[in-house]
Amino acid sequence: MGNTAPIMVAKGKIDYGLTNDYMFRAILQKSRKTLIGLASALLHLNPEDIKEIEITNPIILGESINAKTFILDVNILLNNSRMLNLEMQVNNLHNWENRSLCYLCSDFSQLNKGDAYEDIKPVINIGILDYTLFEDAPEFYAEFELLNKKTHRRYSDKLGISVLDLTQIDMASDEDKAFGIDTWAAVFKAKTWEELRMAVQSNEYMKDAAETLYELNSDETIRQQCEARRRAEIEEKHMQDKLKKLEEDKENLTREKTELHIKLQNEISETEKWKAKYEQLLAAQAEKKN
């Protein structure tokens, strides 16, 4: 693409950015440099430390996605020594904790017959989310490990889950900034070509990501798949909102039913009191007559 890349003069809205999970997959699969830059930032490595990097579950770019290839997570083998699973998730489907654990355990079950347990490679699952996973404890880039609950001693360094929250860039730590994770997040969130150029100007790996993004936005077969994913995400969000509304209606109905039951019980209790008083009054009048 060189120094005369059209990205340098592109203007206006980006049709399909990196938060589109198909575009995310396409860029990482097409641009080794982008893959190295992003992976090194998320793993707190220098890009030069990555000698080998391979996507082990590639798809044919531009080919239609069916039910069998719907999941667009990216499995990466890094320096033949550790495995990395990346996934972009825009909509909160309220299942990320279990979903990430399934990916992690699936990748960790890598032994073939005759292999030794010592040969198992470390596995890290990284979710890039456009929403806050834990509303009561927002964090820009969170890293989780297996630890002893009392002493916090690490049980193993071969399992890890990380979550990058694109909505919390302002919470980036000094370490996050040192590795450029906040800038990568800005690249993901960029809505215009001008905004994207501003974000990537000081990083060659991000520049390559921007150039590849421009190139793929000009590829009609890629655009068709990105549009299909965009529509699927809209429908997915619509269904989630509908399910949430039905759940809220159910909770409201249950609450109203409970409140009505309590009110009815109170009215019955009050009626019983008045009935008892009336019977006492009748009994007292009967005694006077006698």
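Side chains are part of it too, since the values below use all heavy atoms of this structure and drop only hydrogens, waters and symmetry mates.
- Under the side-chain contact (heavy atoms from CB on, under 4.5 Å) criterion, Asn46 pairs with Glu48, Asp49, sequence neighbours left out.
- Salt bridge annotation for Lys189-Asp130: present, with a cationic side-chain nitrogen under 4.0 angstrom from a carboxylate oxygen.
- In this structure, the side-chain contact (heavy atoms from CB on, under 4.5 Å) partners of Leu264, at least two apart in sequence or on a different chain, are Glu267, Ile268.
- The neighbour count for Met171 CE, taken as heavy atoms of other residues, nucleotides or ligands under 6.0 Å away, is above 12.
- Minimum heavy-atom separation, Ile55 to Gln29: CD1-CA, 3.6 Å.
- Judged purely by distance below 3.5 Å, without hydrogens or angles, the side chains of Ser173 and Asp176 pair a donor atom with an acceptor atom.
- In terms of heavy atoms, Thr183 sits closest to Met206 at CG2-SD, 3.4 Å.
- Scanning all heavy atoms of the two residues, the minimum distance from Tyr103 to Asn125 falls at CB-ND2, 3.5 Å.
- Glu211 and Lys207 are not joined by a salt bridge, as no carboxylate oxygen comes within less than 4.0 angstrom of a charged side-chain nitrogen.
- For the pair His152 and Leu147, the tightest heavy-atom approach, listed with the atom from each and the gap, is O-CD2, 3.6 Å.
- Looking at Asn217 and Asp15, their side chains never bring a donor and an acceptor atom within 3.5 Å of each other.
- Between Trp193 and Tyr214, the ring planes are perpendicular. Angles over 60° get that label, and only those under 30° would be called parallel.
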